[in-house]
A.B. asks: 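This is the structure I have questions about; it appears just below.
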Amino acid sequence: MRWLIAAVVLVAVLAGLLRWRRPAWYWLSFGVTFATCRVLGRYRAVMDACGLTVPPPRWRLAIARMANRPVPEPRAPRILRLRPTRTGLVLRLGLRPGQDAFDVAASCDRLRHSFGMFGVTSREIRSGVVELRMTGYDVLRRVQMPARAERSTMRVPVALREDGDVHYRDYRTTPHALTIGATKSGKSVYQRNLVAELSAQEVALVGIDCKQGVELFPLARRFSALADNPDTAADLLDALIAHMEDVYQLIRAEQRITADTPDADIAADIWDLPDHLRPVPIVLLVDEVAELALFSTKDEEKRRDRIITALARIAQLGRAAGIYLEICGQRFGSELGKGITMLRAQLSVRTAHRVNDETSANMAFGDIAPDAALATVQIPVSAPGLAITGDASGGWSRIRTPHTSLRAAVDACNKHAHLTPDLPALDAFRPVLASPAVPVAIPAPAAPATP
């Protein structure tokens, strides 16, 4: 008997230690069993307490009355499937007549407390079917991306969502994106992770980094074109627009619209072209967009208007030509001048890291999801990389990017440097890969004057 008590105590201590130090291991070893028992054991009582039941049908009440039997209990949604995952449970429910998916979504916080889970989110699968994704621990505290994340053409994993699922950046679905965040909020790490994932794809990377290239130029081996100042950026954008017009001419030449041409063979963008004719897609990354919009002289104002106009044209017309925008900055509001709000309206995906004021959050989400703006200002300083992401549909969620060091991003770009395509229209902006850098002499501070 003593050995049994000792074994139970040892298992309890081990479970407590894992829950404290390794919550993912605890979940896979103990937590998933306990959570499944809680959900199934409390299900009917929890649904009744949360108001997610419906009265029994009248014919059952009539039968119970005629047979002198107890009145049937209210009916909860049917459990269609309960599936454990590496981060939680997935509960699929079949709604009863008269129930609505919004009622389940409004009760997620109460379900989280009642089932003893860390988080609960809901989404409607189809009419009458709702899926609850429940997480057993804080998956965003220590981000661990799954070893086998799905990757496809122009679709790469970039972060982990709060429900334990992977957040993907899909350029063919949502071509253009805006990322904002204060200093040290994790914006640069998000961009590094995105570049590291894109480096393994058949895609041309083009960068504009007006911080003298300190963010993007270390990754130059995988970039087809780079600009490190506003003057070069203006010329680069003009070259991209010329390339875009050439691609449209190619699509026009290959359309061959006749009466006997099948609808599927009519080309409207580069993805409808044959593989041997399809131009390589381009992802344009702009770091600190405010540096392109600020000016202090008349000449700089003309350059600024030229740049913003070119970016707006690419945002409106570039998708069919395979040119996609990734714009980053600390703020992106109307104070940057005319054309900024028009450009922002074309950026469907919005990702906001920690910001310093509510106005900055409203710049990203005020026109699509006001609730997301409120969640953005609540991101703590102690959680770099935590962000709110949403799109024009109004849906949003919390995500966190795994920490990607600059060294790791450089290694990924160097490994796939052979995939860097040659774009004749951008040859003038191809980064020059210099020999080992010569140390730059930095003037020493002046010694204090002696009395």
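Residue numbers count from 1 along this sequence. This structure is a prediction, so every number in the text was calculated from the model and none was measured.
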A.B. asks: Okay, side chain of Arg278, backbone of Ile270: is any donor-acceptor separation there less than 3.5 Å?
C.D. replies: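 Looks like yes, one N/O pair under 3.5 Å.
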A.B. asks: Check whether any side-chain N or O of Asp109 sits under 3.5 Å from a backbone N or O of Arg112 as a donor-acceptor pair, and report yes or no.
C.D. replies: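 No, the answer is negative, given that no donor and acceptor are paired below the 3.5 Å cut-off.
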A.B. asks: Please enumerate all residues that pass ring pair (Phe, Tyr, Trp, His ring centres under 6.0 Å) together with Tyr324, with sequence neighbours excluded.
C.D. replies: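 Testing Tyr324 for ring pair (Phe, Tyr, Trp, His ring centres under 6.0 Å), a comparison that skips the adjacent residues, returns Tyr171.
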A.B. asks: So, using side chain to side chain donor-acceptor pair (under 3.5 Å) as the criterion, who are the partners of Asn193 when residues are at least two apart?
C.D. replies: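 For Asn193, the residues satisfying side chain to side chain donor-acceptor pair (under 3.5 Å) (neighbours in sequence not counted) are Thr404.
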A.B. asks: Any non-hydrogen side-chain atom of Leu386 less than 4.5 Å from a side-chain atom of Pro380?
C.D. replies: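 Side-chain contact under 4.5 Å: yes.
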A.B. asks: Do Leu89 and Phe115 come within less than 4.5 Å of each other through their side chains, counting heavy atoms only?
C.D. replies: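 A side-chain contact is absent here, since even the closest heavy-atom pair is not under 4.5 Å.
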A.B. asks: Whether the side chain of Arg42 engages the backbone of Ser114 through a donor-acceptor N/O pair (distance < 3.5 Å, no angle test) should be reported.
C.D. replies: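 Yes, because the side chain of Arg42 sits within donor-acceptor range (under 3.5 Å) of the backbone of Ser114.
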A.B. asks: Flag the pair Asp357 and Arg331 as a salt bridge only when some basic side-chain nitrogen lies within less than 4.0 angstrom of an acidic carboxylate oxygen.
C.D. replies: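 Here Asp357 pairs with Arg331 in a salt bridge, since their nearest N and O are under 4.0 Å apart.
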A.B. asks: Is the shortest distance from a Lys or Arg side-chain nitrogen in Asp48 or Arg44 to a carboxylate oxygen in the other one below 4.0 Å?
C.D. replies: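 Not counted as a salt bridge, because no side-chain N and carboxylate O are separated by less than 4.0 Å.
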A.B. asks: Does Tyr190 have any ring pair (Phe, Tyr, Trp, His ring centres under 6.0 Å) partners at least two apart in sequence or in another chain, and if so, which?
C.D. replies: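 Listed in chain order: His353.
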A.B. asks: May I have the step-by-step check of side-chain hydrogen bond (donor to acceptor under 3.5 Å, both in side chains) for Arg222 and Ser199, ending in yes or no?
C.D. replies: CA-CA 7 Å; Arg222 188 57 185 84; Ser199 65; 5.3 Å; no
A.B. asks: Do the side chain of Gln99 and the main chain of Leu52 share a donor and acceptor less than 3.5 angstrom apart?
C.D. replies: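 Between the backbone of Leu52 and the side chain of Gln99 there is a qualifying donor-acceptor contact (under 3.5 Å).
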A.B. asks: Is it true that, when you exclude Arg151 itself, more than 12 heavy atoms of the residues, nucleotides or ligands shown sit nearer than 6.0 Å to its CZ?
C.D. replies: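 Buried by this count: over 12 neighbours within 6.0 Å.
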A.B. asks: I'd like to know if the side chain of Ser107 pairs up with that of Arg110 as donor and acceptor (distance under 3.5 Å, no hydrogens or angles considered).
C.D. replies: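 On atom types as modelled, these side chains qualify, holding a pair under 3.5 Å.
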A.B. asks: Does Lys211 NZ have over 12 foreign heavy atoms under 6.0 Å away?
C.D. replies: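 Yes, the 6.0 Å shell around NZ holds more than 12 heavy atoms from other groups.
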A.B. asks: Are Glu197 and Arg169 within salt-bridge range, i.e. N to O under 4.0 Å?
C.D. replies: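 Salt bridge: no.
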A.B. asks: Indicate yes or no for a side-chain donor-acceptor contact from Arg313 to the backbone of Ile241 under 3.5 Å, with no hydrogens or angles considered.
C.D. replies: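 Side chain of Arg313 to backbone of Ile241: no pair is present.
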A.B. asks: Does atom CD of Gln378 have more than 12 heavy-atom neighbours, drawn from other residues, nucleotides or ligands, at distances under 6.0 Å?
C.D. replies: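 Yes - once you tally the heavy atoms of other residues, nucleotides and ligands closer than 6.0 Å, there are more than 12.
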